[in-house]
Amino acid sequence: MTEEHHSTEQDLKRHRMEKLERIRARGDEPFKYAFARSSGIGAARAAFEAAESACADPAEAKVPATLAGRMVSFRDHGKSAFADIRDESGRIQVYFNAKTLGDEAFATLADLDLGDFIGASGEVHRTRKGEITLFATSYELLTKSMRALPEKYHGLTDVETRYRQRYLDLVANPEVLDTFRKRVQLISAMRAWLTGRGFLEVETPMLHPIPGGATARPFITHHNTYDSELYLRIAPELYLKRCIVGGFEKVFEINRNFRNEGVDTRHNPEFTMMELYEAYQDYMGLMDETEELFVAVIEAVTGGTEFPYQGDVIDATRPWKRIKLFDAIREYAGVDLESTRDRDEAAALAKKAGVEVDPAMGYGKIVDEVMSARVVPHLTQPTFLYDYPIEISPLAKKKRGNPALTERFQAFIGKLEMCNAFSELNDPIDQRERFMDQLKQRERGDEEAQHLDEDFITALEAGMPPTAGLGIGIDRLAMLLTDSASIREVILFPLLRPL
RNA sequence: GAACGGGUAGCUCAGUCGGUAGAGCAUCGGACUUUUAAUCCGGUGGUCGCGGGUUCGAUCCCCGCCCCGUUCACCA
């Protein structure tokens with residue numbers, strides 16, 4: 001005999017395997033194919049409560065039901081037993097009794113485990129202790145669970161397990177399910193608002209021969225048949241504008257972007273963006289629409305315009321504060337970065353404002369840095385910053401009357417950047433110059449500077465009507481509306497290092 | 001990539017000033033026909049993240065590595 005070494009986990013699985021074999025041995029199928037429910041659990045509870053309030057004597061209320069769900073709790077009392085089963089709509093107690101169920105059927109309860117899916121038929125009434133309960137006259141095992149689920153009381157808190165095995169997180173922590181429901185609501189509400197305004201949802205390539213539309217490092221992949229390098233898209237922007245060139249007037253896309261960059265509480269390598277483009281619109285008109293869109297979504301998800309975020313109460317009531325970027329810098333950082341466009345002078349001003357700048361940073365980058373460090377930390381309540389320097393806005397149109405600036409805005413809520421928008425640059429000659437400027441930065445070692453996309457310029461040469469465009473980071477917005485401190489809390493399967 | 005914190009039973013956590021570890025829940029056996037963190041009695045379960053070093057002896061001390069979290073850097 002060799003010494004047997006069972007880990008607990010193996011023991012648990014072995015026990016369940018033995019039960020599985022017993023179930024099969026008596027001719028039952030532990031993995032059923034379908035089950036006809038009379039309703040979901042939530043609906044059954046509601047129906048019972050309605051019957052109860054319609055009854056002269058509420059204690060007499062009873063409603064027949066056939067329900068199914070995962071068994072999450074089991075309390076054995078010898079000749080009777082209580083189980084809690086849960087489906088997506090709620091939880092209900094099921095009462096089993098040897099007399100009504102029959103001794104044989106009652107005995108098979110011993111082969112059930114927490115985590116199993118069962119279906120049960122009977123009547124719903126209320127126990128003496130006031131618990132709405134399905135008194136089962138029959139039951140069947142629908143799916144055997146072969147593994148122990150996380151403990152019911154403390155749930156699952158180990159962050160790594162929560163992310164790597166999100167299904168366990170969802171089973172163990174109802175509030176996580178709620179977070180992801182809110183994310184779904186958010187996207188539905190946004191899509192509904194856009195569709196209601198006449199925007200058409202289009203799909204543009206995820207595989208790009210030239211990564212464009214943002215300043216970011218891409219993931220590189222390879223296509224075998226064409227034997228060519230392709231990039232996972234960092235933004236859909238340039239393709240959506242091609243749609244406008246072709247004659248679409250209002251388009252949007254809600255889909256994934258991929259950026260080969262760091263991972264932290266606000267960044268996942270793949271993330272979801274909504275981008276929209278609207279012909280004949282400029283950034284000021286779009287700012288109004290953006291405000292409406294956000295408020296519509298916020299109301300749909302939170303039920304109002306006030307909601308908590310990380311200890312603050314956000315009030316999204318319109319109108320939102322609007323402030324020029326350079327005014328905000330003057331106000332919060334105490335320096336006038338608009339007074340110069342010289343890199344070194346700007347660096348000196350940044351230093352005066354207490355912001356460390358890298359020698360490699362150009363003027364635009366310095367402005368961006370001062371904004372992030374000195375302005376954004378003040379932007380808890382919804383605020384639009386607008387009129388950004390041209391150096392950091394290569395796809396935005398120059399501001400009327402001030403070619404140093406672009407007609408661009410961003411909204412911040414809860415100190416998070418929520419969107420980026422501008423009057424789209426549609427002058428192909430200007431666009432080429434901007435790309436050339438980006439190329440110079442690339443040559444200076446900035447790997448994130450944009451590539452020259454000749455086909456995009458060709459498209460602009462064909463003529464793109466005046467257009468305004470907007471991008472909203474869906475994950476950031478989901479964080480905001482679910483009071484989540486980390487982006488991983490709002491992405492079902494965030495990227496972790498492969499084991 | 002850097003700093004700090006963490007990794008002990010299936011889950012949630014204690015603990016060992018260095019002498020190979022405990023609790024609750026889960027699980028297994030038993031009692032119980034209205035419980036709901038059911039209760040009561042008894043039991044199983046751990047290469048204490050991985051690999052080296054020091055030591056009579058390491059889960060604990062030292063070194064390296066892996067994974068996670070937070071902050072920073074990069075970015076949205």
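Letters A, B, ... are given to chains in the order of the sequence lines, protein chains preceding strands, and every chain is numbered from 1.
Using a 4.0 Å cut-off between a side-chain N of Lys or Arg and a carboxylate O of Asp or Glu, A:Asp84 and A:Lys152 do not qualify as a salt bridge.
Within the structure, every pair that satisfies the side chain to side chain donor-acceptor pair (under 3.5 Å) test and touches residues 61-70 of chain A, not counting sequence neighbours, is listed here: A:Thr66-A:Ser121.
Taking a pair as Watson-Crick or G-U wobble with both distances under 3.5 Å, the runs of three or more consecutive pairs in RNA chain B are B:1-7 with B:66-72, B:10-13 with B:22-25, B:27-31 with B:39-43, B:49-53 with B:61-65.
Distances shown here put a side-chain N or O of A:Thr157 below 4.0 Å from the OP1 or OP2 atom of B:C13. Close to B:A26, at under 4.0 Å from its OP1 or OP2, lies no side-chain N or O of A:Ser73. Applying the 4.0 Å criterion to OP1 and OP2 of B:C28, one finds that A:Lys19 has a side-chain N or O inside that range. Note on A:Lys13: every side-chain N or O is 4.0 Å or more away from OP1 and OP2 of B:C28. Note on A:Arg497: a side-chain N or O is less than 4.0 Å away from OP1 or OP2 of B:C67.
Aromatic pair A:Tyr332/A:His378: ring centres closer than 6.0 Å. With ring centers used as reference points, A:Phe435 lies 6.0 Å or more from A:His451. In this structure, the ring of A:Phe422 has its center no less than 6.0 angstrom from the ring center of A:Tyr283.
A residue-by-residue look at A:Lys99 and A:Pro269 shows that A:Lys99 has its nearest nucleotide of RNA chain B further toward the 5' end.
Among the atoms of the strands shown, base atoms are found under 4.0 Å from some heavy atom of A:Asn268.
Atom CG in A:Leu114 sits roughly 13 Å away from atom C1' in B:U36 (whole-Å rounding).
Counting non-hydrogen atoms of neighbouring residues, nucleotides and ligands closer than 6.0 angstrom, the CZ atom of A:Arg217 reaches no more than 12 such neighbours.
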